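Accompanying notes for the structure given below.
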2 protein chains.
Amino acid sequence: MRGHRCTASSRVETESDTDSDSETMRCISCKEYYGRCDAGTCKECYEEASETEEELKREIDDLKAKVAFLRFWSPLDHHITYRSSAGPCFTDVVLVASSDDGLTGTAPSVPVPAHKAVLVSRSPVFKAMLENEMEESRSGTIKISDVSYDALRTFVNYFYTAEACLDEQMAYDLLILAEKYQVKHLKAYCEKFLVSKLNWENSVVSYAFAHQHNAKHMLEAALSLITDNMDKLTKREEYMELVEKDPRLVVEIYEAYLSKQINTAAHKDSSSTKP
Amino acid sequence: MRGHRCTASSRVETESDTDSDSETMRCISCKEYYGRCDAGTCKECYEEASETEEELKREIDDLKAKVAFLRFWSPLDHHITYRSSAGPCFTDVVLVASSDDGLTGTAPSVPVPAHKAVLVSRSPVFKAMLENEMEESRSGTIKISDVSYDALRTFVNYFYTAEACLDEQMAYDLLILAEKYQVKHLKAYCEKFLVSKLNWENSVVSYAFAHQHNAKHMLEAALSLITDNMDKLTKREEYMELVEKDPRLVVEIYEAYLSKQINTAAHKDSSSTKP
């Protein structure tokens with residue numbers, strides 16, 4: 001079936017376009033001339049694609065407005081401290097960074113105020129904790145162990161805004177919290193950030209971290225980076241440390257490497273046997 | 001400047017494509033042939049547009065995940081009644097549909113439980129009401145006048161989900177509430193729905209409603225529909241009622257009609273005076 005045929009001769013360019021020949025047409029988008037091998041779409045498809053793009057942009061605007069509506073101001077924006085936690089924000093619980101080993105320093109941690117309803121709706125762990133009349137629900141205080149005040153504050157703030165200002169350390173800290181309290185959206189957010197920061201220098205540490213905290217995308221990305229650079233691997237300090245600390249993870253690296261080699265070989269074979 | 005020129009002859013179609021001539025190229029999208037007058041884009045622009053589309057779709061997926069995260073289960077999903085409003089949802093306020101003129105019937109309205117923190121973050125009116133220790137804040141009961149229980153329930157639910165199941169009556173009711181409590185997102189949502197339902201039959205009523213509740217998009221759409229059908233207007237019952245009830249609104253219709261006529265005439269003049 002043929003379509004989009006001109007019914008009349010319609011050479012748009014003038015005869016003074018010396019370079020144009022029967023094989024050139026003018027691109028409706030970049031306005032340059034193209035030959036047959038560079039042909040893209042017909043006008044109808046171009047217009048359809050433009051409409052689709054407009055629709056997608058409208059959908060994005062709608063979704064952004066929805067996010068803005070559903071976002072909370074966070075109780076932390078109001079600079080509320082423990083003493084005024086029953087104030088105009090109507091918070092009914094506080095989270096406190098606690099460290100059994102005293103690593104957080106000598107000063108007692110400032111409590112982070114929050115709403116039980118918000119915690120419960122974002123985390124199944126908080127839901128179980130607060131709805132089942134456990135100690136935390138009665139006392140109105142939730143202790144979070146082995147976390148800095150900054151990380152805890154950023155963690156709670158994320159529940160209200162779905163946003164966090166990340167650097168690598170914060171992303172590591174938040175991913176651990178997100179995994180512990182089953183906040184999937186935050187975990188994916190941190191993982192995406194950490195994958196974007198992946199490089200040869202941090203690949204082995206990232207691999208071990210991803211393994212420990214069940215971060216699949218990060219694990220795959222780190223493993224792929226490592227198996228692409230096996231010749232340099234054994235000289236790295238982190239490698240030697242990992243052999244000492246968790247040799248099973250090192251075995252998995254070699255297994256992945258072997259599997260990649262076999263696949264590549266099989267691919268080459270099938271290519272070379274083709275006529 | 002010329003680009004996208006083939007360096008070698010690259011006629012893709014075989015000579016057996018009897019219909020193809022030097023003026024046809026094949027669309028990369030719909031696979032059909034097109035002539036010069038139907039040329040769309042070159043390959044490079046097509047590929048760029050495809051990438052843009054993919055990026056926009058990824059952005060939409062990200063935003064949808066964000067909306068899903070920020071959405072609340074609503075306390076209404078838990079089938080909570082007044083008696084258990086201090087239960088596992090941690091609600092701390094109830095809204096009650098009240099009607100001074102007794103129009104909501106003889107049965108007392110079922111209270112709709114909610115969280116002060118949610119009401120305050122979605123509506124500046126509730127914010128002022130609840131943060132300033134007014135009667136409603138002390139009693140934990142907010143009376144909403146002239147509204148049905150269903151509309152109130154849907155109104156509160158929207159605060160948690162940014163969604164509502166609308167029919168025309170519900171959209172009218174919610175738009176009034178959204179205007180009264182300054183919930184802009186909901187107002188825009190209802191207005192969009194009502195504009196989509198606009199027709200000649202409901203145009204005059206819609207126009208008066210939009211005027212009364214400051215719904216600008218709806219007002220413009222209704223006015224445009226009315227001024228396109230002025231010959232039929234004066235016979236309509238709603239028109240005669242409006243002349244009785246609020247003649248200034250009728251004057252505005254005539255002013256808009258006149259302005260449209262003048263514009264059209266000016267446009268015609270400038271077209272006809274062109275050489």
Side-chain angles (χ1 to χ4, degrees), chain A residues 1-6 10-12 19 22-30 32-47 49 52-53 56-57 59-60 63-73 88-92 115-118 120-122 130-131 162 185 188, chain B residues 1-6 10-12 19 22-30 32-47 49 52-53 56-57 59-60 63-73 88-92 115-118 120-122 130-131 162 185 188:
Chain A
M1 185 189 160
R2 292 170 188 284
H4 313 298
R5 299 292 307 236
C6 294
S10 56
R11 212 176 135 85
V12 178
D19 242 359
S22 61
E23 282 208 27
T24 60
M25 293 191 187
R26 197 169 187 190
C27 173
I28 213 166
S29 176
C30 68
E32 293 188 3
Y33 290 90
Y34 61 90
R36 208 168 242 127
C37 68
D38 286 317
T41 61
C42 63
K43 201 172 176 178
E44 206 176 315
C45 286
Y46 165 75
E47 282 165 359
T52 307
E53 198 178 312
L56 292 174
K57 282 180 181 167
E59 194 176 346
I60 286 174
L63 283 165
K64 279 185 179 167
K66 217 167 182 175
V67 166
F69 175 75
L70 286 171
R71 268 181 63 125
F72 259 84
W73 42 258
C89 276
F90 314 109
T91 57
D92 51 9
H115 301 86
K116 287 179 183 173
V118 174
V120 158
S121 84
R122 312 296 194 233
L130 293 170
E131 286 188 353
H185 192 262
Chain B
M1 184 186 160
R2 292 169 187 286
H4 312 300
R5 299 292 308 237
C6 293
S10 55
R11 217 179 131 85
V12 179
D19 244 359
S22 61
E23 281 208 29
T24 59
M25 292 191 188
R26 196 169 188 191
C27 173
I28 212 166
S29 174
C30 68
E32 293 187 4
Y33 291 90
Y34 62 89
R36 211 168 240 126
C37 68
D38 285 320
T41 63
C42 63
K43 201 172 177 178
E44 206 176 313
C45 287
Y46 165 74
E47 282 165 0
T52 307
E53 198 178 314
L56 292 174
K57 282 181 182 168
E59 194 177 344
I60 286 174
L63 283 165
K64 280 184 178 168
K66 217 165 180 174
V67 166
F69 175 75
L70 286 171
R71 269 180 62 128
F72 260 83
W73 42 257
C89 277
F90 313 109
T91 57
D92 52 8
H115 301 87
K116 286 179 182 172
V118 174
V120 158
S121 84
R122 313 296 195 231
L130 293 170
E131 286 188 353
H185 192 263

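Here the structure is a predicted model, which means the values were calculated and not measured. What you see below is based on every heavy atom in this structure, not just the backbone, and it leaves out hydrogens, waters and symmetry mates. In what follows, chains are A, B, ... by sequence order, proteins preceding strands, each numbered from 1.
In this structure, the ring of A:Phe72 has its center less than 6.0 angstrom from the ring center of B:Phe72.
Across all their heavy atoms, A:Ile28 and A:Lys43 have their closest contact at CD1-CG, 3.9 Å. Closest approach of B:Ser29 and B:Tyr46 over heavy atoms only: CB-CE1, 4.3 Å.
Interface check for chain A: of the options B:Thr41, B:Leu56, B:Leu63, the most heavy-atom pairs under 4.5 Å are formed by B:Thr41. Of the residues considered (A:His115, A:Arg122, A:Glu53), A:Arg122 shows the highest number of contacts with chain B, using heavy-atom pairs under 4.5 Å. Per-residue counts of heavy-atom pairs under 4.5 Å with chain A were compared for B:Glu47, B:Lys57, B:Lys116; the largest is that of B:Lys116. In terms of heavy-atom pairs under 4.5 angstrom with chain B, the leader among A:Val67, A:Ile60, A:Leu130 is A:Ile60. Across A:Leu70, A:Thr52, A:Val118, the residue that shares the most heavy-atom pairs under 4.5 angstrom with chain B is A:Leu70.
For the pair B:Arg36 (side chain) and A:Arg26 (backbone), a donor-acceptor distance under 3.5 Å is absent.
By the 30° and 60° cut-offs, the orientation of the rings of B:His185 relative to A:Phe69 is parallel.
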